[in-house]
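Everything below concerns the one structure shown next.
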Number of protein chains: 4
Amino acid sequence: MAKRTGEKYEAIINAAVRVIAEHGYHNAQVSKIAREAKVADGTIYLYFENKDDVLISLFNEKMGAFIRQVEEVIKGISSPADQLRELIRLHFKSMEENRHLAIVTQIELRQSNPGVRRAIGEILKKYLNLIDRIISAGMEQRIFRNDLDVRITRKMIFGAIDEMVTSWIMKDCKYSLVDQVEPIVSLFLHGIKSR
Amino acid sequence: MAKRTGEKYEAIINAAVRVIAEHGYHNAQVSKIAREAKVADGTIYLYFENKDDVLISLFNEKMGAFIRQVEEVIKGISSPADQLRELIRLHFKSMEENRHLAIVTQIELRQSNPGVRRAIGEILKKYLNLIDRIISAGMEQRIFRNDLDVRITRKMIFGAIDEMVTSWIMKDCKYSLVDQVEPIVSLFLHGIKSR
Amino acid sequence: MAKRTGEKYEAIINAAVRVIAEHGYHNAQVSKIAREAKVADGTIYLYFENKDDVLISLFNEKMGAFIRQVEEVIKGISSPADQLRELIRLHFKSMEENRHLAIVTQIELRQSNPGVRRAIGEILKKYLNLIDRIISAGMEQRIFRNDLDVRITRKMIFGAIDEMVTSWIMKDCKYSLVDQVEPIVSLFLHGIKSR
Amino acid sequence: MAKRTGEKYEAIINAAVRVIAEHGYHNAQVSKIAREAKVADGTIYLYFENKDDVLISLFNEKMGAFIRQVEEVIKGISSPADQLRELIRLHFKSMEENRHLAIVTQIELRQSNPGVRRAIGEILKKYLNLIDRIISAGMEQRIFRNDLDVRITRKMIFGAIDEMVTSWIMKDCKYSLVDQVEPIVSLFLHGIKSR
DNA sequence: TATGAATGAGAGTTCATTCAT
DNA sequence: GATGAATGAACTCTCATTCAT
């Protein structure tokens, strides 16, 4: 029934990003999103099943585009260490370039109801798998330690990236995220222990 | 007005943990918590300002106790590397020993409204500072690299720990968290790059 | 404005009967009727004033045809008792022959809003008058008691017929209605008292 | 959860009767009923599951009381013919004595959604069974014809009564219903055929 | 202290109808 | 004539908090 495509579909998703970023998840009523998208309340239901579907689609569209972009870039890089560096750089860069979206995906959407969060988790898996592949490649190429547990390593990397972004938003994006790529990558690659 | 102490105060907090863990944040109504605590709805308001205060107090009491425990243990350890190892071990151990609380603090309370999350962030600072102190000590003792940015390093460590626990809960606590301490510490100390 | 005639006019009415019978009055949206009739939603408004008009027209067309049929048949019967028998038989027969229509007129349309029900009442009057005429004729021919109140008698007869049909539908049309004509007529004519 | 008893329970039911009778089923919003009952909207949900439950309870309470009354009176009458007469008289009398209720049960509640109507049908069964028992008793006592089909006879009687009341309401209760008891009973007992 | 009945504000969703094409 | 995308008004129910007892 829901159309899930077209000019208004995108307008509604972008309106949702703006409204949620500015008013917070708990103040992002359907009517407010509709007004921001310059459509009638009911129009939203021509393009989405329900409000949850708007939020899930939002995450899916934006995260999907991001993951495709990262995959594309990674493909052209041979060294897994450089791939990891580039993944983190793109992650931070994309957050910096769309702060509204950063607020929505990092902070606000995490307050959503179980259904939405479950769907978001599913979508994220593609990203986590991408990190897994980089780690595995690094191990195969003997660039990374051969005693790594891929899952644990990936969780550490993702957790660290995620926390960096969340902290940055909580500090009102006052500093540069991308500037922190190098120290982070260095820590991941060499650890914190002095030689 | 709020008493903030006494037998029922604790009963209400523990009831809140159970109710939120079992029914989820969005189904943890004041009346349900009151019933679980075997008090009347109104009684909750003799001990707490409002529902948010219950949640914040919950986090404060439980996290406060945990932080005091960690500080106590750390004090008796001289090596910052061992301190870090012990902090992570205690973190994981305490989560494993109280899964209800783990679910509440890791998953459910993060869906709460901005006021609660801000307060939780404040309480967490004490924990983050503790990690900061370990890192600083490690740098001073020349055990850790001298080019570390304490804040960045701490965010990485905390983010990684946090993600490990969240993943573990999302997988229904099916594996041992404490078993993952060593690989994690190893990664932090030596990085993932092969020598 | 409304055309009230033509191929699509009939298609829409018949689609309405099917949709209402299958989905119930409360799930018979204009768009569903349009789809069933294979026309666009807006097309319905070229042939009918509004949704109520569809329902009223439906009843008018179908009930009108039925009344004309009964009048035609009755005309050829001289005995008012036989006329009554035939009226009931035709009523039951027509219901049995078009169960969708039976469901719609007996059950579903009675849930409609006041405007529609008023209009339906008006249309029904022609049928009630027909019964009145049979009773009056019977009294004039001294076949029926001369102390009958025509109105009361007619209401009893109509109410009884109506209830028989409703019951039959509520029991999923599992038994034969026409088989019940004789007992009913017998009861009307002779009463339930033993001699 | 729903209390289903007490002063306010009755106040809400009686308010529902008044609001539905005066404004019609489709204009009887919960908030209107609450205002009429002088309680808050939410209070209704302390005594009833939902709006449907209010309507079903209304019918159950009122019809239940009526059926009990009829059963009580019938018990003291030996002749099934007199029992039938008294049942109809009580039916008409109770309708005349509470016209609001008559409008609600005869007209408005029949527009309600399937769930409510099903529940109403269930409640009505007790009344229909009562009529069945009178007919059966009459047959056993050889006062009624021994070739009666109880079900058919009951449907005729109920259908006739029901139609009399509906007609009376549609004519704005302008005439006396109770005055029609005798002709109706006479018709049922002796039929309409002259001797 | 403790109770718990009562409060009432607030939002997602449906669907008959319109009108530009 | 025909289309179907767009409109927007309208309503039930939840639940944190209060306050008379």
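It should be emphasised that the depicted structure is a prediction, and the values quoted were computed from it without experimental measurement.
Note on C:V30: a base of the nucleic acid sits closer than 4.0 angstrom, heavy atoms only. Heavy atoms of A:Y47 sit under 4.0 angstrom from primed sugar atoms or phosphate atoms, though from no base atom.
Of all nucleotides listed (F:dA16, E:dA9, F:dG8), F:dA16 comes nearest to the side chain of B:Y45.
Following rounding to the nearest Å, B:Q29 (CD) and F:dC15 (C1') show an atom-to-atom distance of 7 Å. Per the geometry, CZ belonging to A:R4 stands 16 Å off P belonging to F:dA5, to the nearest Å. When rounded to the nearest whole Å, the span between NE2 of B:H26 and C1' of E:dG12 equals 16 Å. Per the geometry, OH belonging to C:Y25 stands 11 Å off C1' belonging to E:dA16, to the nearest Å. When the P atom of E:dG4 is taken as reference, atom CG of B:L46 falls 13 Å away, rounded to whole Å. One can place NZ of C:K51 at 11 Å from C1' of E:dT14, the figure rounded to the nearest angstrom. Between D:I33 atom CD1 and F:dC13 atom P the separation is 11 Å, expressed in whole Å. At whole-Å resolution of the value, NZ in A:K3 and P in F:dA5 are 7 Å apart.
Relative ring orientation between B:F66 and B:Y127 is described as tilted, the plane-to-plane angle lying within the 30° to 60° band.
Sequence order on DNA chain E of the closest nucleotides to B:K38 and D:G42 puts B:K38 first from the 5' end. Comparing A:D52 and C:N50, the nucleotide of DNA chain E nearest to each residue sits closer to the 5' end for A:D52. Each of B:N27 and D:A28 lies near DNA chain F, and the nucleotide nearest D:A28 is the one positioned closer to the 5' end.
Checking F:dA20 for Watson-Crick or G-U wobble geometry (two distances, each under 3.5 Å) identifies E:dT3 as its partner. Across all strands shown, the partner of E:dT14 is F:dA9, judged by Watson-Crick or G-U wobble contacts whose two distances both fall under 3.5 Å.
One finds no side-chain N or O of D:K8 lying less than 4.0 angstrom from the OP1 or OP2 phosphate oxygen of E:dA5. Between A:T43 and F:dT7, a side-chain N or O to OP1/OP2 separation shorter than 4.0 Å is present.
The main-chain N or O of D:I20 is never found under 3.5 Å from a side-chain atom of D:E108 such that the two would form a donor-acceptor pair. Between the D:T43 side chain and the D:V39 main chain, no donor and acceptor come within less than 3.5 Å of each other.
Under the 4.5 Å side-chain criterion, counting only non-hydrogen atoms from C-beta, C:I169 is in contact with C:Q106.
Few gaps surround CZ on C:R4; more than 12 heavy atoms of other groups in view lie less than 6.0 Å from it.
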